2 protein chains.
Amino acid sequence: MRRLDFQRKTRIIVVDDNYDHASGIRELINLENEYEVIANAGNANVAISLIKKYQPDIVLMDMNMPDVDGITAISKISELNLETKIIVLTAYDDPDLIFRAMKLGAKGYILKTMASHQLIHALDEVSQGKIYLPNVLCSRFFEYFQNFEKNQQNAGYEDENNLLNDLTNREEEVLSLLTQGVTYKGVAQKLFISETTVKTHVNNIFQKLQVNDRTQAVLYAINKGFLNRQKAKIA
Amino acid sequence: MRRLDFQRKTRIIVVDDNYDHASGIRELINLENEYEVIANAGNANVAISLIKKYQPDIVLMDMNMPDVDGITAISKISELNLETKIIVLTAYDDPDLIFRAMKLGAKGYILKTMASHQLIHALDEVSQGKIYLPNVLCSRFFEYFQNFEKNQQNAGYEDENNLLNDLTNREEEVLSLLTQGVTYKGVAQKLFISETTVKTHVNNIFQKLQVNDRTQAVLYAINKGFLNRQKAKIA
DNA sequence: TTTTTTCTAAATCTTTAGATTTAGATATAT
DNA sequence: ATATATCTAAATCTAAAGATTTAGAAAAAA
């Protein structure tokens, strides 16, 4: 399934602060006649300017770099909105790293411990527009992904520091309306209570959430996953 | 790599509205001596009550069902917080479906068109706690995932209906402070302008966003991805 | 050059919002 | 039986928010 277009080789930039390692990769790749390493960067900032200048097809990015970390580098590169595809090279199968890299649009992820033909295989897949993620790393990704989603949904639920837990049922109802931008009068009408009662509730809410006004209360609620809670209760 | 624990078979519930298809799967699985289909559900509601009652190890869930759709069913099952693992069976490789199913915690995803030994393989992997997603579907997932993330980051950027686009620079600065719960006086101090000027800006913001007060303005801003915008500008 | 936009500001006024205190009615728990 | 928590409500007050009009200065666009 190698590309048969010999008119132009797939151009690669290698980003690695270890010069020996980078050279090894360069030689390995240059053995293949459809790929060529056109440049080599020792740190993220050099990498970014080189990528801007040469707009390579693929960037092979090492993740253990000084100064700017790999994730930040990937983020900056993807902000350039180029056609350049990023393949991450790393020593560890840290699920958080895999997750964040893929989130930022990395097209491949390989461990340094993997056999060298894996690297070429990754280049083949990615240059064809596919995503290359070995099964082991794919599993890691999904474990993390599913945990992440679960935590998103339950954000702040069993959190000891979540002041929302101190609210009474009625106060939650009132806060819910506040997060919809309803006024005192509006709340009073919707809950069939007097406006002064609403004020009492709102004041209690402010004290419990340790805020001074409704905007801050709403912001606190949103940050602590109050909206998710409400959804859960409705459903 | 099959499990060697013959003391208890892995218990499976099949959810499929097509009886013939369900029977086929049942027979196929019962050929394997480490698995047994303990029940069969023709729709989602029956499935959920059966799952509550029997707490199976694995649920094989067909996605083309009447009434309650498969995604809703998965959502409800995962809310039960059981150890039950869900494998999705479907005819189409719709990336949105794959994405949502995996997001909700499905442990496997197979196409009906795939060979039957794939199903058994999926059962093996999932019963061992792994995630089973064939390469083709994995690619689909990541394409969708990365697009999704990109859209999340640019939420509302080039949206014609996004009233935030009508704001001037100064108004954006003011709104940014409002989304932090700052008062008129506070905004005036931070921007080195008079309080009345702040009021003018805020009133203009309200008109442009078609809202009546700061809470609604803040909510509008958050929903339309204003916070992401600000982050992008700072960075 | 003239027009338009943006940022600035003040004055005036009405309406909410928020703080604080007090208190009756219910229900729950000790 | 007596605290304790919750929901209700009113009165009173101050501070903040919001609406509306008018207008000068500077910059950018026509």
Side-chain angles (χ1 to χ4, degrees), chain A residues 160-224 226 229-230 233-234, chain B residues 157 160 162-224 226 229-230 233-234:
Chain A
E160 285 289 326
N161 294 341
N162 195 338
L163 299 173
L164 291 174
N165 294 324
D166 298 338
L167 299 182
T168 66
N169 290 334
R170 201 54 159 173
E171 285 161 357
E172 280 191 18
E173 290 184 77
V174 173
L175 180 55
S176 173
L177 291 170
L178 291 191
T179 61
Q180 292 165 48
V182 183
T183 62
Y184 282 129
K185 196 175 285 178
V187 174
Q189 283 173 0
K190 298 208 174 194
L191 297 185
F192 305 106
I193 54 180
S194 85
E195 204 176 324
T196 53
T197 305
V198 177
K199 288 192 179 189
T200 309
H201 286 312
V202 171
N203 268 293
N204 292 334
I205 292 171
F206 289 167
Q207 287 198 355
K208 287 184 178 178
L209 302 189
Q210 296 169 19
V211 297
N212 302 312
D213 54 56
R214 39 178 75 216
T215 309
Q216 288 173 13
V218 168
L219 290 170
Y220 185 92
I222 291 174
N223 285 330
K224 290 288 187 175
F226 182 74
R229 246 186 242 223
Q230 294 305 107
K233 287 198 175 174
I234 293 164
Chain B
Y157 255 79
E160 284 290 327
N162 193 338
L163 299 175
L164 291 175
N165 294 324
D166 298 337
L167 299 183
T168 67
N169 291 334
R170 201 53 159 174
E171 286 162 358
E172 280 191 18
E173 289 184 78
V174 173
L175 180 56
S176 173
L177 291 169
L178 291 190
T179 60
Q180 293 165 48
V182 182
T183 62
Y184 283 129
K185 196 175 285 179
V187 175
Q189 284 172 358
K190 297 207 175 196
L191 298 184
F192 304 107
I193 54 179
S194 85
E195 205 177 323
T196 54
T197 304
V198 177
K199 288 193 178 188
T200 309
H201 286 311
V202 171
N203 268 293
N204 291 334
I205 292 171
F206 289 166
Q207 287 197 358
K208 288 184 178 177
L209 302 188
Q210 295 169 18
V211 297
N212 303 311
D213 55 57
R214 39 179 75 215
T215 309
Q216 288 173 14
V218 167
L219 290 170
Y220 184 92
I222 290 175
N223 286 330
K224 290 288 186 173
F226 182 74
R229 247 186 239 225
Q230 295 304 107
K233 289 198 175 174
I234 293 164

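A quick note: this is a predicted structure, and the numbers were derived from the prediction, not measured. Order of the sequence lines fixes the chain letters, A, B, ..., with proteins taken first and strands second; residue numbering starts at 1 for each chain.
DNA chain D is contacted by both Ser194(A) and Lys208(A); Lys208(A) maps to the nucleotide lying nearer its 5′ end (nearest heavy atom per residue).
Distances were taken from every side-chain heavy atom of Arg170(B) (C-beta onward) to each of dA17(C), dC7(C), dA9(D); the shortest belongs to dC7(C). Among dC7(D), dA9(C), dG18(D), the nucleotide with an atom closest to any side-chain atom of Arg214(B) is dG18(D). When distances run from any side-chain atom of Thr197(A) to the nucleotides dA17(C), dT8(D), dC7(D), the shortest one goes to dT8(D). Residue Thr196(B) places its side chain closer to dA10(C) than to any other of dA10(C), dA16(D), dT6(C).
Rounding to whole angstrom units, CD1 of residue Ile193(A) and P of dT6(D) are separated by 16 Å. Between Leu178(B) atom CG and dA16(D) atom P the separation is 15 Å, expressed in whole Å. The nearest whole Å value for the distance from the CD1 atom in Ile205(B) to the P atom in dG18(D) is 11 Å. In this entry the distance linking CZ of Phe192(A) with P of dC7(D) reads 18 Å, nearest Å. The CG atom of Leu191(B) sits 15 Å away from the C1' atom of dT6(C) (whole-angstrom rounding). For the pair Leu167(A) CG and dT6(D) C1', the computed distance is 13 Å after rounding to whole Å. Straight-line distance from the CD atom of Glu173(A) to the P atom of dT6(D): 14 Å, rounded to whole Å. The CD-P distance, from Glu171(B) to dT6(C), rounds to 8 Å in whole Å.
In this model, the phosphate group of dC7(C) is not approached by any side-chain N or O of His201(B) to a distance below 4.0 Å at OP1 or OP2. An OP1 or OP2 oxygen of dG18(C) is reached within less than 4.0 angstrom by a side-chain nitrogen or oxygen of Tyr184(A).
Under the 3.5 Å distance criterion, with hydrogens and angles disregarded, no donor-acceptor pair is assigned to the side chains of Thr200(B) and Thr197(B).
Contact of the Tyr184(B) side chain with the Thr196(B) side chain is not registered, since no non-hydrogen atoms from C-beta on lie closer than 4.5 Å. Residues Asn212(A) and Thr183(B) form no side-chain contact, since every pair of their non-hydrogen atoms from C-beta on lies 4.5 Å or further apart. For the pair Lys224(B)/Leu209(B), no side-chain contact is recorded, criterion being any heavy-atom separation below 4.5 Å from C-beta on.
In this structure Lys208(B) satisfies the side chain to side chain donor-acceptor pair (under 3.5 Å) test together with Glu171(B), sequence neighbours excluded.
The nearest pair of heavy atoms linking Arg170(A) to Ile193(A) is NH2-CG2, 3.5 Å.
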**OP:** At under 4.0 Å between heavy atoms, which parts of nucleotides 19-30 of chain D does protein reach? Answer with one letter per nucleotide, 5' to 3': B base, S sugar-phosphate only, - none.
**Re:** BB----------
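A donor-acceptor pair is defined here as one N or O able to donate and one able to accept, closer than 3.5 Å; no such pair exists between the side chain of Arg214(B) and the backbone of Phe206(B).
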